[in-house]
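Side chains are part of it too, since the values below use all heavy atoms of this structure and drop only hydrogens, waters and symmetry mates. Keep in mind the model is a prediction, meaning the values are calculated, not measured. Chain identifiers are assigned alphabetically (A, B, ...) following the order of the sequence lines, protein sequences preceding nucleic acid strands; residue numbering begins at 1 within each chain.
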Number of protein chains: 2
Amino acid sequence: MTRKETDLAEATIHIRDHCLCLHAQRAARALARRFDDALRPHGITSGQFSLLNVLNRREPVAMGPVAKFLAMDRSTLTANLKPLERQGLVSVEVDPDDRRSRKLILTAEGRKVLRAAVAVWKSEHAALEKEIGGDPDALRAGLRAIA
Amino acid sequence: MTRKETDLAEATIHIRDHCLCLHAQRAARALARRFDDALRPHGITSGQFSLLNVLNRREPVAMGPVAKFLAMDRSTLTANLKPLERQGLVSVEVDPDDRRSRKLILTAEGRKVLRAAVAVWKSEHAALEKEIGGDPDALRAGLRAIA
DNA sequence: CCACAATAATTTGATATCAATATAATAGGT
DNA sequence: ACCTATTATATTGATATCAAATTATTGTGG
C-alpha cells in the first residue's frame with residue numbers, strides 16, 4: 001500500500017468509529033424500524049406518530065413552525081401530510097387570515113388513533129430506555145444540541 | 001376539555017420533549033442536511049459518503065455485513081448502490097465462491113472521491129463537535145447503544 | 001395604486017427507506 | 001443425486017427526504 005492509501009485506510013476507520021452523522025443515521029433507522037413495528041397494528045409509522053403528536057394542539061398550527069420543530073424541509077412535510085389526510089387523520093385548511101398559510105388540524109379520528117398510539121409509545125419507550133441503559137436525559141440533550 | 005382530552009394533551013407534550021425516536025430523527029435529518037451541503041461539491045451525499053467509507057477495505061465485503069453495520073435493510077443497500085455504480089465509484093460483482101453473494105468494491109475513482117470527501121469530513125466534523133459542545137464520546141456511546 | 005420583494009406552500013425529480021415478495025444458489029438430509 | 005430448507009440478493013410499491021423551481025399571497029417603497 002502506498003502512503004496515500006494507508007492514510008486513507010486509517011482515516012476511514014476513524015470515521016467509521018467517530019462520525020456522528022453515521023451514528024445518528026444508524027440510530028434513527030433502528031428506532032424508526034422499532035417503533036414502526038410497534039405502531040403497525042394502529043396503521044401508522046413512527047414518523048406519522050411524531051407528526052400527529054405535534055399536531056395535537058388546542059390552536060391549529062401552520063406548516064412552517066411544524067417543519068421547523070421536526071427539523072425537516074417544508075416540502076417533506078407537505079408530502080408527509082398526504083397519507084394522513086387520505087386516512088382522515090389530519091385536515092389541511094387554508095388560513096382565512098393569510099391565504100398563503102395552512103392550518104393543520106387533527107381530526108376526531110386522528111385523536112382516536114393518536115390516543116391508542118400513545119399507549120403503545122409509553123410501553124415501547126419505557127422498554128427502550130431500560131434496554132439502552134445510561135442516562136436518557138443526557139442522550140436527549142446531546143441530540144437536541146444537534147438538531 | 002374532557003378528562004380524556006387533558007390526559008392526551010399532557011401525554012403529547014411529554015412525548016414531544018422525551019421521545020428518543022423523534023429526537024434521533026431530528027438529529028439525523030439535521031446532520032444529513034449539513035453534511036450533504038458540505039459534500040455537494042464532490043457530488044456525493046452524506047449517506048453515500050458513509051457507504052463509500054465502509055467499502056474502503058482491503059478485502060471486498062458482501063452486502064449482508066454492510067447492511068448490518070449501517071443498520072439498514074438489505075434492500076435499501078441494494079438501492080443505495082445503484083447511483084454509486086452509475087457514477088463509477090463502486091463495482092458490484094458476483095462472488096465466484098458463492099454466486100448468491102456480491103463483492104462490493106470501491107473503484108479507483110471511488111477512492112479518489114472518498115479521499116477528497118474525507119478532507120471535507122474532517123473539517124466539518126471538527127466544527128460540529130465544537131458547536132454542540134458536551135462530550136461527543138458519550139453521545140456516540142448513547143447512539144451505539146441504540147443501533 | 002403599482003411594481004417588486006418577501007413569505008408560505010406546492011410540485012418535480014432524484015435518492016432513501018422498509019416490508020413483502022420473488023429469484024437464485026448453496027447446504028443438508030436421505 | 002434429489003428434495004427441501006436456508007441464505008443472499010433483487011424487485012415492487014408505498015412513504016420519506018431534500019433541493020430547485022413554481023405558484024399564490026402578502027407586504028412595502030415610491
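- For the pair A/D37 and A/R40, the salt-bridge criterion is met [side-chain N within less than 4.0 Å of a carboxylate O].
- For the pair B/P60/B/I105, a side-chain contact is recorded, criterion being any heavy-atom separation below 4.5 Å from C-beta on.
- Residues of residues 85-92 of chain B that place a heavy atom closer than 4.0 Å to DNA chain D do not occur.
- A salt bridge links A/E124 to A/R34: one of the charged nitrogens lies within less than 4.0 Å of a carboxylate oxygen.
- Mapping A/P96 and A/N80 onto DNA chain D by nearest heavy atom places A/N80 at the nucleotide closer to the 5' end.
- Summarising the geometry, atom SG belonging to B/C19 is positioned 8.5 Å from atom CD belonging to B/Q25; distances are rounded to the nearest 0.5 Å.
- At a threshold of 4.5 Å between non-hydrogen side-chain atoms, the residues B/N80 and B/M72 count as touching.
- Note on ring orientation: taking the six-membered ring where Trp is involved, the planes of B/H14 and A/W121 are perpendicular (angle over 60°, cut-offs 30° and 60°).
- Within residues 68-79 of chain B, the residues approached by DNA chain D to less than 4.0 Å at the level of any non-hydrogen atom are B/R74, B/S75, B/T78, in residue-number order.
- The nearest whole Å value for the distance from the CZ atom in B/R99 to the C1' atom in D/dA10 is 16 Å.
- Salt-bridge annotation for A/D7 and A/R3: present, with a side-chain N of the basic residue lying under 4.0 Å from a carboxylate O of the acidic one.
- Here chain B contacts DNA chain C (any atom closer than 4.0 Å to a heavy atom, that is under 4.0 Å), and the contacts span C/dT15 to C/dT26 from 5' to 3'.
- Here A/R140 pairs with A/E129, A/D137 under the side chain to side chain donor-acceptor pair (under 3.5 Å) rule; sequence neighbours left out.
- Between the side chain of A/R33 and the main chain of B/A71, a donor-acceptor pair closer than 3.5 Å is present.
- The shortest distance between the side-chain N/O atoms of B/K82 and the OP1/OP2 oxygens of D/dT9 is not below 4.0 Å.
- Within 4.0 Å of A/G64, counting heavy atoms only, lie sugar-phosphate atoms of the nucleic acid but no base atom.
- Looking at A/L55 and A/L84, their side chains never come closer than 4.5 Å, going by heavy atoms from C-beta outward.
- With A/R74 contributing its side chain and A/K68 its backbone, the two residues share no donor-acceptor pair below 3.5 Å.
- Here the CG atom belonging to B/L31 is positioned 8.5 Å from the OG atom belonging to B/S46, to the nearest 0.5 angstrom.
- Remark: the B/R102 side chain and the D/dT9 base include no donor-acceptor N/O pair separated by less than 3.5 Å.
- Residues A/L89 and A/I44 form a side-chain contact, since some pair of their non-hydrogen atoms from C-beta on lies under 4.5 Å apart.
- Side-chain contact, B/E93 with B/S91: a donor N or O sits under 3.5 Å from an acceptor N or O.
- Within residues 103-125 of chain A, no residue places a heavy atom under 4.0 Å from DNA chain D.
- Contacts between residues 22-45 of chain B and DNA chain D, defined by a heavy-atom separation below 4.0 Å, involve B/R29, B/R33, B/D37, B/R40, listed by number.
- In this structure the side chain of A/L70 reaches within 4.5 angstrom of the side chain of B/L22, judged on heavy atoms.
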